Amino acid sequence: MRQTKIDEFLQLENHNKELEKRVKEEVAKNREKDKLLFQQNKMAALGEMLSNISHQWRQPLMEISSIFLPIEAKINMDIPLDNQELLNSIQKLNDITKYMSNTIDDFKNFFLKEKEKINFEILEQINSTVNIISSSLKQHDIKLDIIIQKNTHMLGYKNEYSQVLINILNNARDVLIQRKIQNPKIKITISENKNDIITKIEDNAGGIKITPIEKVFDPFFTYEKINGSGIGLFMSRLIIENNMNGKLEVKNNKDGAIFTVIIPKS
Ligand SMILES: Nc1ncnc2c1ncn2[C@@H]1O[C@H](COP(=O)(O)OP(=O)(O)OP(=O)(O)O)[C@@H](O)[C@H]1O
Ligand SMILES: [Mg+2]
C-alpha cells in the first residue's frame, strides 16, 4: 500500500517535470512567433509608408517642375529674368525640398531600432506619425482632429508608440472607407491623470461588430477586410503591455470605435 503511494507520488512528480518542460518550450516558441509577427507587422507598415511617401512626393515634385518651367521658358525666349523673381523661386524650392526631406526623416526614424526608453514629446511624435498617413487620409476626405489637453511627455519607445498609432489609425481609415461613411472623422485626444498618459483614438465608422469585442486583439483575427492579416491589434497590444507596461483597451460608443492607450508615467 505504502509503496504504491510512493510510486504514485514519483509518477506525479515526473509528470509535473515533464509538464514544466513543455510549458517552457511552448513559451519560448511563442516568443519566437511574436518576434516574427512583430517583424511582419513592421514590414506591412513599411509597405504602407512607401506608398504614402511616393504619394506624398508626387505633389511637391510637380510643384518643383512648375517652378522650373517658366524660368526655362524665359531663358529660351531671351526674356530677362529679374533677381527677385529668381530668389522667390529659390525660396519656394527650398521650402519644398525641406518638406520632402522631413517626409524621409519621419520614415527613417520609424525604422531605427530602439534600445532604450526615452522621454519624448507626444505631440511631436503624433505629428510625425500623422504625417506618414496624412496623404491617404486626405485622399479619402477623412478629417483628423488632434486634441491635446496637456502637452505632455512620455517615457517609452517612441517608434513603437508610433507603430501602435499607425495600426489603429489604419484600421479606422479602412473601416471608414469600406463602410462608405459620410463625413468620415478620426479624433485623437491626449490627456493625463495622476499616474498615466492617455491617448484616445475615436472614429465615426459605426463601431466594431464583433462579440466579445476583445476578440479584435486575438492573433490572426480579421473581419470584413479584404487584405487583413489580423495581426495589427494583436501586435499593438503586445507592444503596449509587454514593452511599455501599459494597457490597450477598446469599446464602442454611439458613433464608432474608441481605442485607449494607457501608459504609466514612470
Ligand atoms: N476602428 C474600427 N472600427 C471597426 N472595426 C475595427 C476597427 N479597428 C479594428 N476593427 C476590426 O478588428 C479587426 C482586427 O484588426 P487588426 O488590425 O488586428 O487586423 P486587420 O486590420 O484585419 O489586419 P492587419 O492589421 O494585420 O492588416 C479588423 O479586421 C476589423 O474587423
Ligand atoms: Mg489592422
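Numbering of residues begins at 1 and proceeds along the displayed sequence. Every heavy atom of this structure was used, including side-chain atoms; hydrogens, water molecules and symmetry mates were not. Each ligand, and each atom within it, is numbered from 1 in the order the structure gives. All of these numbers come straight from a predicted model, not from anything done at the bench.
In this structure, a donor-acceptor pair under 3.5 Å is absent between the side chains of N204 and N183. Between the side chains of K117 and N243, no donor-acceptor pair is found at a separation under 3.5 Å.
Between K247 and E241 there is no salt bridge, since none of the side-chain N atoms of the basic residue sits less than 4.0 Å from a carboxylate O of the acidic one. Using a 4.0 Å cut-off between a side-chain N of Lys or Arg and a carboxylate O of Asp or Glu, K265 and D196 do not qualify as a salt bridge.
The distance from the Mg ion (ligand 2) to the nearest N/O/S atom of N171 is under 2.8 Å.
In this structure, ligand 1 sits under 4.0 Å from heavy atoms belonging to N171, A172, V175, D203, G207, I208, V216, F221, T222, Y223, K225, G228, S229, G230, I231, G232, L233, A257, F259.
Atom CD1 of I226 has 12 or fewer neighbouring heavy atoms from other residues, nucleotides or ligands inside a 6.0 Å radius.
Here F120 and Y161 bring their ring centres to under 6.0 angstrom of each other.
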